[in-house]
Asker: 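The structure under discussion is supplied below as structure tokens; questions concerning it will follow.
When a ligand or atom number is given, it counts from 1 through the structure's own listing order.
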Amino acid sequence: MPDETVPLTLPGYAHVYSGKVRDLYAPVDPASGQPRGDQLLLVASDRISAFDFILDSPIPDKGEVLTRLSLWWFSQLEDLVANHVISTDVPDAVRGRAVLVERLEMLPVECVARAYLTGGGLGEYTATGAVSGIALPAGLVDGDRLPGPIFTPSTKAPMGEHDEPIPFSAVEAEIGSDLAARVRDLTVAILKRGNEVAAARGILLADTKVEFGLRGDEVVLADEVLTPDSSRFWPADQWEPGHPQPSFDKQFVREWLTSPASGWSKSSGEAPPALPEDVVAQTRAKYVEAFERLTGETF
Ligand SMILES: N#Cc1c(N)ncnc1-c1cnn(Cc2cccc(F)c2)c1
């Protein structure tokens, strides 16, 4: 199993940045030997995170499943928004789990939309009755569906830190009111479309995070879109407001790590142990199931 912690050496590409579960490269111009300034290679690893840790156990094919799912969503959303995808003609070493994309002027906002109340949004609601300054009906509980998806932006925190919620006014101050309204409306529309498709296939998208860049004045959807890494995926047939919902993709990991069998404690601050083979296999199967249910394709 390749060591997922060290960025790959990809001949013809320069490593730019490593995120928790993905890596960024730039194609090198053969004439100058310098990284091109107009393209990037997004590579999805098989790494998985849980409880804010990158686990030692990669999930085989996770990178390819989520890359193919994101590409499928980009094509489903083309009537709503342009995207940054150029090609899937990538080096053999990362084939299937990498995408060549147009380098954009990225907007400094994590564009989050929520269709259900949970996580940090629930915390804010419990404390204030609102999320991102948007007042919500009283009496909502964990997992409740919101009257309609809401835009709840946050900062782009450095790796290892948590994104901080910001009000819409802060987005307007950062990128201007017109552009703020455009990314708000697009983010909400993307989650709405995502749930129209996913709910019919037994999956609820509780929330999602998207990133936009600019191509001149045009807003372009970048990064990944509507994957289990950028969105909370819930099995629709287990939806029951009033307590934390099971995760479609990470429930096996979470349950094993918090069981006595792991010998680990969330509150220890120590890194979690490696996952048993059966938990890895079950988790891989959930990613494949999400892909096949949503796209109708066989992985
Ligand atoms: N997408 C995109 C993108 C673009 N089309 N143009 C310019 N910059 C970016 C860009 C910069 N950081 N990221 C986040 C990111 C993604 C994947 C792997 C990582 F390590 C980190 C995205």
Side-chain angles (χ1 to χ4, degrees), residues 2-10 13-29 34-49 52-55 58-59 62-75 77-78 80-91 93-112 153-164 174-175 179 182-183 186-187 190 208-231:
D3 178 353
E4 297 262 348
T5 57
V6 178
L8 284 172
T9 299
L10 292 175
Y13 293 83
H15 176 253
V16 172
Y17 174 77
S18 283
K20 290 200 291 186
V21 296
R22 294 176 302 155
D23 304 291
L24 212 49
Y25 298 80
V28 171
D29 175 6
Q34 294 304 310
R36 291 181 57 156
D38 60 346
Q39 294 181 351
L40 288 167
L41 184 73
L42 268 62
V43 179
S45 77
D46 290 343
R47 298 190 296 268
I48 186 170
S49 69
D52 284 335
F53 286 96
I54 304 296
L55 302 188
I59 305 298
K62 173 177 179 278
E64 180 171 348
V65 172
L66 269 58
T67 296
R68 288 173 57 180
L69 179 58
S70 188
L71 287 167
W72 182 82
W73 280 119
F74 277 127
S75 64
L77 296 166
E78 274 178 343
L80 282 180
V81 62
N83 64 65
H84 67 162
V85 174
I86 293 176
S87 166
T88 54
D89 181 14
V90 299
V94 291
R95 189 163 306 281
R97 64 185 182 96
V99 185
L100 188 68
V101 302
E102 175 188 355
R103 192 187 291 237
L104 302 167
E105 180 196 339
M106 298 302 285
L107 296 176
V109 182
E110 296 289 17
C111 291
V112 178
S154 63
T155 60
K156 283 190 174 181
M159 188 159 81
E161 296 178 28
H162 286 286
D163 299 340
E164 291 299 323
E174 186 72 25
I175 64 173
L179 196 47
R182 284 163 68 191
V183 300
L186 280 171
T187 305
I190 287 165
T208 197
K209 174 193 75 70
V210 293
E211 295 194 28
F212 297 104
L214 291 179
R215 177 192 294 149
D217 289 336
E218 185 179 20
V219 174
V220 179
L221 183 60
D223 201 19
E224 62 183 322
V225 59
L226 296 175
T227 72
D229 275 354
S230 66
S231 319

Asker: Find all atoms of ligand 1 within a distance of less than 4.0 Å from any non-hydrogen atom belonging to V101, and give their numbers and elements.
Answerer: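 Heavy-atom distances to V101 below 4.0 Å select 5 (N).
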Asker: Roughly how far, to the nearest 0.5 Å, is the CG atom of L40 from the OH atom of Y17?
Answerer: 13.0 Å
Asker: List every atom of ligand 1 that sits less than 4.0 Å from any heavy atom of G19, numbering the atoms from 1 in the order shown and giving each element.
Answerer: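 Every atom of ligand 1 under 4.0 Å from some heavy atom of G19: 20 (F).
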Asker: If the test is side-chain hydrogen bond (donor to acceptor under 3.5 Å, both in side chains), which one of E110, E211, E161 qualifies with K156?
Answerer: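 The passing option is E211.
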Asker: Kindly say whether A157 contributes a backbone atom to a donor-acceptor pair with the side chain of D163 at under 3.5 angstrom?
Answerer: yes
Asker: Relative to ligand 1, is E224 under 4.0 angstrom through side chain, backbone, both or neither, heavy atoms considered?
Answerer: neither
Asker: Are the side chain of D29 and the backbone of R36 linked by a donor-acceptor contact shorter than 3.5 Å?
Answerer: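 Judged by distance alone, no pair lies under 3.5 Å.
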Asker: For residues F212 and C111, report the shortest heavy-atom separation together with the two atoms involved.
Answerer: CD1-SG, 3.8 Å
Asker: With heavy-atom distances below 4.0 Å as the criterion, list the atoms of ligand 1 near M106.
Answerer: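 This gives 3 (C), 4 (C), 6 (N), 7 (C), 8 (N), 9 (C) as the contact atoms.
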Asker: Is H84 close to ligand 1, meaning an N/O of one under 3.5 Å from an N/O of the other?
Answerer: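 By distance alone, the answer is yes.
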Asker: One residue to check: L24. Relative to ligand 1, which of side chain, backbone, both or neither has a non-hydrogen atom less than 4.0 Å away?
Answerer: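 Contact part for L24 vs ligand 1: both backbone and side chain.
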Asker: Run the salt-bridge test on D229 and R47 with the 4.0 Å N-O cut-off and return the result as yes or no.
Answerer: no
Asker: Given L40, D223, V16, which has its nearest heavy atom closest to atom 14 (C) of ligand 1?
Answerer: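 When every heavy atom of L40, D223, V16 is considered, D223 comes closest to atom 14 (C) of ligand 1.
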Asker: Is the closest N or O pair between R22 and ligand 1 shorter than 3.5 Å?
Answerer: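 In fact, backbone or side chain, R22 has no N or O that close.
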Asker: Can you tell me how far apart CG (L66) and CG (D46) are? Round to the nearest 0.5 Å.
Answerer: 10.0 Å
Asker: For R103, which part has a heavy atom under 4.0 Å from ligand 1: side chain, backbone, both, or neither?
Answerer: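 Looking at R103 and ligand 1, atoms from backbone and side chain both fall under 4.0 Å.
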Asker: Check whether any side-chain N or O of S70 sits under 3.5 Å from a backbone N or O of T67 as a donor-acceptor pair, and report yes or no.
Answerer: no
Asker: Students should be able to answer this: which protein heavy-atom is nearest to atom 6 (N) of ligand 1, and at what distance?
Answerer: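 Atom 6 (N) of ligand 1 sits closest to the protein heavy atom L104 N, 2.8 Å.
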Asker: Number the atoms of ligand 1 from 1 as they appear, then name those within less than 4.0 Å of a heavy atom of Y17, with their elements.
Answerer: 19 (C), 20 (F), 21 (C)
